[in-house]
Amino acid sequence: MRNAAIAHNVGVCTPNNAKIIKITELTHNTKLFEIQLEDEHSNNFFDYSPGQFVLITVFGVGEIPIGLTSTPIKRGSFELGIRKVGNVTNKIHQMNVGDIVGIRGPFGKGFPIEENKHKDLLYVCGGTGYFPIRSTFLYAIARREDYGKIMFLYGDRCPTDVLFPDENDDYKKREDILFHQSVDRDDDKCWEGNVGVVTTLFPNIAKEIDPVNTVVFVAGPAIMYRYVIIELEKLGIKNENIYLSLERKMKCGIGKCCHCGIGDKFACLDGPVFSLDQIRGLLEAL
Amino acid sequence: MASKPQIGIVGFTGCAGCQLSILDLENELLDLLGLVDIIDFRMAMSGNKKGPYDILFVEGSIVNKHQEEELKELREKAKVLVAIGSCASFGGPQAIRNYRDNKKTKIAQYGKDNIDKVEVIKVKPINKVVKVDHYLLECPVNKYEFLDFVKYYLVGGTPTLPNYPVCQQCKAKGNRCIFLEDGIMCMGPVIQAGCDALCPSYGMPCDGCRGSTLEAAYDQQVQLMIEKGASVEDITRYILKYNGEDKQVHEFLMEKWKEQDKKLVYQED
Amino acid sequence: MTSKSYHIKHICRVEGHGNLLVEMEGNEVNHAEMQIIEGARFFEGIAVGRKYDEAINIMSRICAICSTSHQLSAVGALERSVGIEPSKQVNDFRVLLDHGENLQSHILHVGMLALPDFLGFDGVIQMVPKYPNEVKMVLSMKRTANDLQTLIGGREIHPVNIKPGGFGAYPTTNQLKEMKEKLVVFKQNTQAFADLLATLKMPEFENKTEQVAVYDGKSYPFTKGDHKCLLSGKIVKPEDYKKNFIKEEVRGYSSAKFSTINDGEIYYVSPLARVNINYKFLTDDAKKVLAQFDMKLPNFNPFNNNVARVIELMHCVDEAIEITDKYIEKPPKDDNKEFKIKAGTGSLATEAPRGLLNHSYDVDKNGIIKRADVITPTAHNLNKIEDDAKKFGSLIADKTDEEAELLLNMLVRSYDPCISCSAHAIRIDLRRK
Amino acid sequence: MLSKIISRQDLPKLIDALTNDFLVIAPTYDKKVPTFSEVESSSEVEFDILFNEKLPMLPPKKVFLPAKQTVFKYNLIKGVTDSCDEISDAVTHNKNVVIFGVSPCDVSGVGVLERIFRDNYSDDVFLRLHDKTTIISVNCLDHCYENCFCETMSSNDPKSGYDVMLTEISKSKLIAVPNSDKGKKILRDYPELFSQISEKDSEAYIDALNLKNKNFKTEFLVEGLASHVEDSFESEIWKEFTEKCLFCGSCTFVCPTCYCYTVKEIVSVDLKDGERQREWDSCYFPEFALVAGDHNFRETKEQRFRYRYLHKFVDLPRRYNFEGCVGCGRCVTYCPANIDVRDVLKKIIGVM
Ligand SMILES: Cc1cc2nc3c(=O)[nH]c(=O)nc-3n(C[C@H](O)[C@H](O)[C@H](O)COP(=O)(O)OP(=O)(O)OC[C@H]3O[C@@H](n4cnc5c(N)ncnc54)[C@H](O)[C@@H]3O)c2cc1C
Ligand code: SF4
Ligand code: SF4
Ligand code: SF4
């Protein structure tokens with residue numbers, strides 16, 4: 001596990017002032033924000049492991065947890081992909097380059113990517129689950145030679161919701177990556193690829209799976225997990241090699257406010273990424 | 001900055017306390033006027049404009065057809081419509097009469113001859129007539145909640161109102177629990193906080209003017225009141241004060257409590 | 001002869017919904033109707049079946065502007081019904097609380113509702129750019145008055161601290177000391193305000209009718225006393241208010257009742273009536289304010305209510321300071337007593353900021369209310385407003401429509417009517433078997 | 001020996017001396033409710049609460065984790081302006097704090113919170129206040145009232161978490177045992193109030209401790225509690241209590257070891273500045289685990305009721321090796337529905 005460095009010059013409960021340096025519109029309701037801490041030292045120091053999250057504050061509105069979606073290999077700034085769903089996210093979407101937000105973190109335990117060198121990697125994600133997954137995926141393909149097969153299954157609700165279409169097209173072209181994509185519904189008949197929930201993509205990779213040597217990283221809406229797990233078990237992948245990122249309400253990010261409690265664990269300290277065998281032992285998890 | 005949001009504050013049937021509460025924001029009023037344009041506030045000024053409103057605050061309950069029509073027209077002109085106070089949100093004290101036999105009351109009140117002189121329909125909270133976007137509670141409306149709402153609207157988003165019981169604020173203030181220790185019939189455990197436990201802080205029972213919390217435990221509350229010696233009629237009275245048309249109050253009274261208190265009759269429209 | 005009619009819909013800057021219809025024939029008004037279109041709420045009906053101690057809070061919802069008066073009247077009348085005698089301390093604090101409301105209501109009226117008329121603005125909000133200091137002073141005075149109500153009653157509107165026999169809690173010495181300081185400032189501002197008002201001219205108009213106010217022969221009473229008539233000198237005990245004295249009738253065009261005294265006589269209740277009847281008992285400084293205005297007593301110009309309000313501001317702040325001082329000296333004792341109650345009838349006549357207020361109840365031996373009756377100041381005055389309008393012809397005959405409407409508006413406003421409070425019920429008498 | 005003797009009569013003098021140098025918080029009555037509050041002189045302190053064994057309604061957590069607390073201040077455009085350091089100094093008026101008259105169970109309670117707030121990521125807002133505070137505890141020699149079960153939760157004899165412990169060794173004398181540098185400093189700084197300890201005093205102290213040992217009784221065994229609670233995840237017991245509970249949250253607010261909080265943004269009327277406030281929350285409230293899209297991770301009341309026990313008796317013991325309960329009995333005393341944590345635990349263990 002990479003050592004997460006908390007870059008705080010003010011104490012962990014107070015956010016660092018940070019600047020939005022770039023905004024990319026991804027879909028009608030998602031944007032990608034590139035962010036830099038104002039304090040240069042903290043910014044240089046800022047490091048994270050894929051799957052970790054930060055708490056981003058919109059001053060005057062509130063603070064929310066958002067998974068880091070860039071790769072820690074790239075230093076000097078980081079990226080957050082944010083979907084508009086409520087107060088804070090709506091307000092972030094109205095902000096401009098140069099505006100100041102607050103950043104606390106990175107917090108939590110990410111995906112064990114370094115620990116699983118030389119393994120085959122299978123990524124499964126749905127909706128905004130793409131964001132945290134992207135971080136570890138970018139990390140792995142940047143060190144392509146360290147890993148075996150890399151497989152990626154991505155499903156989203158409809159064609160207009162699809163995230164990073166250009167990046168996806170690049171991956172699809174690459175021979176060293178198996179990238180498959182689908183949408184749940186295609187009402188306007190404008191989608192050329194697969195239509196159906198993400199689990200319908202599994203047959204595409206079933207033959208490629210070496211159950212003993214594959215590690216799976218999953219992120220998406222809560223309902224997706226149940227069905228994905230069934231597929232993974234059909235493939236014979238062991239629970240301890242399946243990692244899921246769980247979402248919970250979070251106010252502090254550091255195991256104090258208790259909102260993210262899952263049985264006797266905290267999503268912010270012990271997660272958000274848990275292995276499936278950990279989760280099986282967790283009361284109240286799925 | 002774009003032009004200031006246009007605000008209206010209108011009243012239907014009630015005591016006008018919510019409007020007056022807004023005027024009681026003496027320390028903040030001038031700042032507030034710097035942020036918004038109040039275009040319609042009949043209680044405080046002449047020369048009012050009937051919309052269009054960015055936010056329209058509506059006080060009072062609806063008690064006749066004419067008001068229903070007027071409210072519907074106002075809704076058309078308002079981007080955001082906010083119910084303020086118990087009357088607009090839950091019918092207010094006058095909604096007590098929704099739980100009494102209308103015909104009998106009418107005859108008893110006017111005598112048989114006068115019965116047609118005044119139209120009496122059921123007292124309705126405004127959400128029975130139009131779509132309501134937000135509720136600001138208390139009787140009269142909590143002026144700071146009103147101010148918060150305007151501020152949040154301007155900054156972006158809506159304030160999260162406390163959805164926990166008055167007991168939270170009672171404990172936070174270090175009050176003596178008058179329900180537990182003095183047997184005073186306090187409704188605090190089932191009522192939404194936000195008033196800073198006003199009544200219990202003065203040793204007076206919470207009258208429930210802010211309406212029920214999410215998932216209020218009426219069964220348990222009533223059980224405890226019975227253990228403390230309240231009669232069936234007492235309990236009906238404690239529950240039915242400002243909140244007659246609160247969803248959970250209505251459900252509790254008509255689905256559970258009617259078996260106990262046979263005098264409860266709900267006026268259908 | 002031209003005929004003209006003014007229909008002033010939704011009289012602004014008064015509370016609630018009312019219209020004034022005035023029909024003119026030449027210089028004469030031949031018909032006037034005060035139409036209260038506020039929805040009826042049947043408060044007397046709601047009170048029936050309630051326990052005497054809970055009704056206090058419910059009755060205050062008749063009208064927020066007089067909510068403290070309603071609570072004080074309700075608690076007093078209900079105490080009389082069940083046989084509770086409040087202590088001197090309780091009475092003192094009730095007066096103090098009531099003065100909080102008087103100060104608040106008067107400054108609100110004169111500063112925020114009437115002043116814009118005299119200075120030619122739509123409302124106080126529009127006055128801000130030109131008169132920022134005056135508006136700030138009015139706001140700070142209103143704040144102090146509200147602080148006083150909050151300190152004693154728990155809240156500016158609809159107090160929560162009043163209960164039969166006493167209060168839920170009393171202020172601490174430190175709180176009283178802080179209050180005293182604010183009241184002293186308030187008093188200085190009152191003087192400044194009186195000086196300002198003395199420079200303005202009230203429209204000239206007179207309608208000589210009977211006037212009624214609460215009277216006890218030894219003070220300038222607000223919270224209890226007998227009814228006294230200005231012209232006839234007649235004195236009526238509070239419990240006899242309906243015995244050959246006040247009568248109410250229902251009229252089709254209005255959801256409020258109209259009342260008369262002594263079989264059909266129009267009468268008037270107001271701050272002016274109080275000053276006319278009780279001026280002897282004003283504090284010295286209040287008498288000085290009275291002397292600043294050339295207002296002959298007894299006075300019959302409703303516009304002079306504004307002067308009466310300023311006089312009362314001074315009187316009430318003086319008394320409030322006196323009571324505060326008394327309890328800074330000798331902190332209030334806890335008075336949480338258990339009371340034995342009996343069945344009975346109780347009536348009280350009090351002075352709300354805008355005039356006489358009657359509450360009367362029958363309570364059974366279990367403390368359940370069997371009958372409730374309330375006559376609010378606005379209900380007392382509806383006939384008088386119509387009557388004034390009828391006599392208004394000469395004042396508006398040569399005015400433009402706009403000016404005439406403004407004057408009519410100002411006339412109604414001078415009564416400071418809370419229209420919803422008059423529409424609390426239509427019923428005359430409810431007796432349930 | 002470092003311990004000293006102070007006479008009972010001199011306690012007011014000690015408080016007065018402390019008020020010169022510290023912000024002193026001590027037991028008082030606020031409208032008939034025993035409570036900890038800031039005092040300016042010893043005349044405000046109710047020694048009756050201390051020696052007639054009443055527990056203040058709100059535990060000392062209210063000093064470090066008050067019902068409402070500013071975390072930091074900011075400008076809406078420029079971001080953070082005042083960090084929590086500046087704010088905690090403002091709260092204590094740049095003084096150090098003494099809390100006087102903390103019972104042993106409450107010392108343990110503060111200890112629980114301190115560990116939680118120090119471990120993993122240390123919470124500066126809590127610790128800044130905690131670390132500038134000296135805790136003067138007054139020992140209990142017997143159960144203070146019927147709801148106390150501190151012995152059962154082994155919290156009546158804390159080894160740390162206090163700076164000075166005062167134990168009554170006779171009607172007129174107390175022994176003051178320092179337990180930290182801050183504590184030693186107190187004994188040193190007010191020499192006129194603390195006298196040397198005699199042999200007889202030492203003996204009396206040992207007698208007092210023996211008496212304490214004898215008086216306190218364990219009500220049930222806590223060993224293995226975590227597994228019991230975990231095993232009862234699906235049990236009917238939760239339902240039984242859920243049916244009585246009002247979910248008013250009172251138990252969580254009076255509890256010395258409950259610390260859930262939520263945060264709120266407070267913005268000034270001119271919309272220029274704001275601050276983040278921490279406010280007590282309770283896992284009993286329906287929106288506690290609610291997220292955008294109306295998904296509630298603890299949907300039923302039963303789940304919420306159970307979670308509090310899971311957290312106190314499973315999570316905390318596993319994570320830190322202590323229970324999230326010190327047996328002070330406040331939640332029993334202040335529950336309007338008369339739910340007794342001991343009954344819940346006994347039923348789970350199967351001894352009731
Ligand atoms: C570890 C983690 C990583 C996340 N990563 C991303 C991401 O990369 N991209 C993305 O778009 N979203 C992500 N989310 C979800 C995101 O936090 C919520 O969408 C966001 O909190 C909604 O806030 P709001 O104020 O706009 O919504 P509102 O509905 O107004 O929410 C009010 C408050 O509730 C809480 N809340 C609501 N929903 C959630 C939620 N799902 N999780 C936690 N707290 C919540 C927050 O405190 C929020 O301020 C992540 C959540 C977690 C826990
Ligand atoms: S007094 Fe009422 S609101 Fe306060 S804690 Fe007790 S029950 Fe709850
Ligand atoms: S305590 Fe109850 S009745 Fe009193 S103001 Fe609060 S919610 Fe209303
Ligand atoms: S759970 Fe109850 S007994 Fe235990 S520490 Fe908390 S309040 Fe005290």
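Computed from heavy atoms alone, side chains included, the values below leave out hydrogens, waters and symmetry copies. A, B, ... follow the sequence lines: proteins, then strands. Residue 1 opens every chain.
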> Tell me, which pairs form a salt bridge (charged side-chain N to carboxylate O under 4.0 Å, His left out) where one or both residues lie in residues 156-165 of chain C, sequence neighbours left out?
Replying inline: B:Lys143-C:Glu156, C:Arg143-C:Glu156
>> Which atoms of B:Leu32 are under 4.5 Å from chain C, going by heavy atoms: the side chain, the backbone, both sets, or neither?
In response: neither
> Can you name the nearest heavy-atom pair linking C:Lys142 to B:Asp24, along with the distance?
Replying inline: NZ-OD1, 2.7 Å
>> I need the minimum non-hydrogen distance between B:Pro93 and C:Phe43, along with the two atoms involved.
In response: CG-CZ, 4.1 Å
> Any idea which heavy atoms bring C:Ala64 and B:Ala16 closest together, and the distance?
Replying inline: CB-C, 3.9 Å
>> Return the CG to CD1 distance between B:Leu240 and C:Ile46, rounded to the nearest 0.5 Å.
In response: 9.5 Å
>> Tell me which of these, C:Ile58, C:Val128, C:Leu139, C:Leu108, has more heavy-atom pairs under 4.5 Å with chain B than the rest.
In response: C:Leu139
> Considering all heavy atoms of both residues, which atom of B:Glu138 and which atom of C:Arg155 are nearest to each other, and what is their separation?
Replying inline: OE2-NH1, 3.4 Å
> Contact part of B:Leu20 toward chain C, heavy-atom cut-off under 4.5 Å: side chain, backbone, both or neither?
Replying inline: both
> Going through the checks in order, is the side-chain contact (heavy atoms from CB on, under 4.5 Å) test met by C:Arg50 and B:Ile96?
Replying inline: CA-CA 11 Å; C:Arg50 289 271 150 187; B:Ile96 292 173; 3.5 Å; yes
>> What part of B:Leu25 gets within 4.5 angstrom of chain C, counting heavy atoms only: side chain, backbone, both, or neither?
In response: neither
> What closest approach, in Å, do B:Arg237 and C:Gly49 show between heavy atoms, and which atom pair accounts for it?
Replying inline: CD-O, 3.3 Å
>> Ignoring hydrogens, what is the shortest heavy-atom contact between C:Arg61 and B:Cys15? Give both atom names and the distance.
In response: O-CB, 3.0 Å
> Can you say whether C:Asn161 sits under 4.5 Å from chain B via the side chain, the backbone, both, or neither, judging by heavy atoms?
Replying inline: both
> By a 4.5 Å heavy-atom criterion (distance strictly below it), what part of C:Ser105 contacts chain B: side chain, backbone, both, or neither?
Replying inline: neither
>> Could you walk me through whether B:Tyr242 and C:Asn57 satisfy the side-chain contact (heavy atoms from CB on, under 4.5 Å) test, starting with their C-alpha distance in whole Å, then the side-chain angles of each, then the deciding distance to 0.1 Å, before giving a yes or no?
In response: CA-CA 10 Å; B:Tyr242 307 107; C:Asn57 285 350; 3.5 Å; yes
